Peer 1: 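Got a structure here, written out as structure tokens. Questions coming.
From a predicted model like this one, the values you see are computed outputs, not experimental measurements. Computed over heavy atoms, backbone and side chain alike; hydrogens, waters and symmetry mates excluded. Proteins get letters first, then strands, A, B, ... in listed order; numbering begins at 1 in each.
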Amino acid sequence: MTQEELFKKLIAHSKEYGFIFPSSEIYDGLSAVYDYGQMGVELKNNIKKYWWDAMVKLNANIVGIDAAIFMHPKTWEASGHVGAFNDPLIDNKDSKKRYRADVLIEDWLAKQDEKIDKEVDKAAKRFGESFDEELFRQTNPRIAEIVEKRAAMHKRMVAALTDNDLDELKKIIEDCEIVCPISGTRNWTEVRQFNLMFETKVGSVAEGANTIYLRPETAQGIFVNFLNVQKTGRMKIPFGIAQIGKAFRNEIVARQFIFRMREFEQMEMQFFVRPGEEMEWYEFWKNFRMRWHRALGFGDQHYRFHDHDKLAHYANAAADVEYEFPFGFKEVEGIHSRTDFDLGNHQKFSGRKMQYYDPETNESYVPYVVETSIGVDRTVLQVLSASYTEEDLTKEGGPKDERVVMKFPPAVAPVKAAVLPLVKKDGLPELAREIVDSLKFDHVIQYDEKDSIGKRYRRQDAIGTPFCITVDHQSVEDRTVTIRHRDSMEQERVAIAELPGVIGEAVSMRKLFEKITNA
RNA sequence: GCGGAAAUAGCUCAGUCGGUAGAGCAUUAGCUUCCCAAGCUAAGGGUCGCGAGUUCGAAUCUCGUUUUCCGCUCCA
């Protein structure tokens with residue numbers, strides 16, 4: 001089976017068993033937006049809990065917050081999001097190259113100047129010493145024509161950029177007969193605005209409401225609260241602030257299932273350090289985060305670091321944690337050394353001091369920041385694709401038999417156990433219900449009495465339930481049951497009284513945390 | 001965004017030459033009581049992605065459109 005086929009099967013499986021649905025499917029769906037179903041939400045919540053506890057509980061110097069999605073518009077000026085991503089873009093359909101529409105027009109304007117200079121040069125050669133350049137420029141009809149058209153186009157461009165009139169920009173490109181420098185054709189797409197941030201209005205639209213944005217990253221909610229948390233929590237540097245929340249980016253191309261969505265969830269931690277100590281903390285968090293990933297037990301060889309050569313405007317070091325998806329190694333998490341870029345800019349834009357008084361060094365300074373930023377949805381996809389397993393169970397000479405198993409780590413599995421009466425009579429269902437009641441306060445438990453026991457095991461395999469508790473006739477007599485293990489399909493007999501302890505231990509996140517901290 | 005492919009029941013798919021929409025699995029109810037799917041009976045479930053056009057008549061032909069997948073492109 002190719003990786004591509006595997007990925008398609010994973011997407012189909014995710015929908016069929018209630019993990020992930022296309023958004024608004026009855027209306028044909030909405031491109032690159034997905035909903036989590038009854039299984040998906042459990043898996044996702046467990047992954048978030050695994051992250052939150054690993055960051056906030058295991059590290060005494062990290063606390064959490066939950067900032068609003070709406071933020072003051074100035075936030076995005078300070079962060080650099082407003083300025084950097086507002087360009088009108090146009091594609092050439094033949095060369096498939098993308099250009100800034102205003103740059104294309106400006107290049108054309110520059111070319112007109114060159115044309116004029118050429119005419120002047122030609123004339124200068126022709127007339128020799130008697131040549132009056134000024135007079136020539138003013139009187140030559142060919143030059144006059146170029147100058148007039150150039151001026152008209154320039155005026156139109158300025159107006160179009162001011163009014164943000166994208167159709168007019170396209171018309172100017174057509175009227176100037178601008179060709180693609182690579183393909184040499186005039187086969188252009190429409191001009192589009194490439195602003196990554198979603199806009200909305202606050203207050204009455206009629207009374208000149210303010211434009212605000214859906215946050216394109218959660219990090220800024222932490223930076224603007226830096227002083228609040230530091231002061232009220234009596235935090236001493238180095239310390240971190242963690243947050244899980246939604247962010248929104250209007251990607252032009254959003255694809256690969258839930259890998260790149262326009263609405264997505266991030267788990268971010270900003271770690272504030274003394275300037276000059278950022279590189280050792282950068283290394284610390286790279287390693288800590290890698291251990292978090294590897295503790296899930298999917299195989300260390302499927303994870304790697306990718307160090308960035310080209311750095312973003314805010315960073316002085318950056319690395320990705322990549323996982324080997326069916327479609328190749330892809331970024332799941334980023335660890336960035338963000339310097340004092342964000343706090344420094346907020347200080348500049350807000351006029352408030354974003355500084356920390358360090359009692360050890362007796363100095364005030366803007367802290368440096370090391371960020372760990374992981375995509376929740378990408379991690380869900382990572383866990384889904386790592387867990388998806390097809391097994392051939394065909395016995396010698398028997399009929400063909402296969403099963404699909406989601407081999408989730410028990411700690412993140414959506415359903416922890418299913419309680420199954422072997423038959424639907426003789427008091428077995430009643431005893432099974434009693435067992436469900438004894439476990440349901442601590443775990444998500446399913447009860448199923450429909451169809452043969454083998455079929456029920458397969459249904460639980462498909463949603464990755466690690467344990468099936470089977471109630472048989474012996475159970476009624478001696479109050480024991482069998483636990484059937486998902487991966488080995490082997491069974492062991494356990495007293496009903498021991499079930500809460502056995503299941504609780506097996507699905508606990510404790511073992512994962514120990515792997516992270518003991519390394 | 002460009003190019004290619006696809007879309008029929010929850011899933012996998014069939015549907016001939018344009019002539020009243022089908023199967024298997026799944027689901028629900030009942031029977032069966034069997035520790036690793038596919039035993040029996042019955043039932044429910046379809047705007048054939050959507051919108052136009054051609055036609056006496058369109059799941060089928062044409063155009064447009066939406067969504068998905070693949071390649072390119074993009075991705076602080």
Peer 1: In this structure, how many angstroms lie between the P atom of B/U33 and the NE2 atom of A/His473, rounded?
Peer 2: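 Those two atoms, NE2 and P, are 11 Å apart.
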Peer 1: Provide, to the nearest angstrom, the distance between the CD atom belonging to A/Glu25 and the P atom belonging to B/G46.
Peer 2: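 Going from A/Glu25 (CD) to B/G46 (P), I get 15 Å.
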Peer 1: Atom CG of A/Leu10 and atom C1' of B/C69: how far apart are they, to the nearest Å?
Peer 2: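 So the CG-C1' distance, A/Leu10 to B/C69, works out to 14 Å.
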Peer 1: Would you mind checking if A/Glu402 and A/Lys9 are paired as a salt bridge, meaning a charged N to carboxylate O distance below 4.0 Å?
Peer 2: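 No salt bridge links A/Lys9 with A/Glu402.
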Peer 1: B/A38 phosphate, OP1 or OP2: any side-chain N/O from A/Arg403 under 4.0 angstrom?
Peer 2: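 No, no such contact exists.
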Peer 1: Please determine if a side-chain N or O atom of A/Ser31 lies less than 4.0 Å away from the OP1 or OP2 oxygen of B/U68.
Peer 2: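 Affirmative; the distance criterion is met.
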Peer 1: Quick one: do A/Glu42 and A/Lys416 make a salt bridge, cutoff under 4.0 Å?
Peer 2: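 Salt bridge between A/Glu42 and A/Lys416, a charged N being under 4.0 Å from a carboxylate O: no.
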Peer 1: Given B/A26, is OP1 or OP2 found less than 4.0 Å from the side-chain N or O atoms of A/Lys455?
Peer 2: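 Indeed, a polar side-chain atom of A/Lys455 lies that close.
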Peer 1: Verify the contact: side-chain N or O of A/Lys15 to OP1 or OP2 of B/C11, cut-off strictly under 4.0 Å; return yes or no.
Peer 2: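 Yes.
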Peer 1: Using a distance-only criterion (donor-acceptor N/O pair, under 3.5 Å, no hydrogens), is the base of B/C11 paired with the side chain of A/Glu16?
Peer 2: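 No pair found.
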Peer 1: Does A/Glu217 reach a base, just sugar-phosphate, or nothing at all? Heavy atoms under 4.0 Å.
Peer 2: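 Base contact.
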Peer 1: Tell me whether A/Asp448 is salt-bridged to A/Arg456, with the criterion being a basic N under 4.0 Å from an acidic carboxylate O.
Peer 2: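 Looking at A/Arg456 together with A/Asp448, the answer is no, because their closest N to O distance does not fall below 4.0 Å.
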Peer 1: Without decimals, in angstroms, what is the distance between A/Tyr17 OH and B/C25 P?
Peer 2: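 Checked: the OH to P distance equals 15 Å.
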Peer 1: What about A/Arg249, does its side chain sit under 3.5 Å from the base of B/C75 through a donor-acceptor pair?
Peer 2: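 Donor-acceptor pair under 3.5 Å: no.
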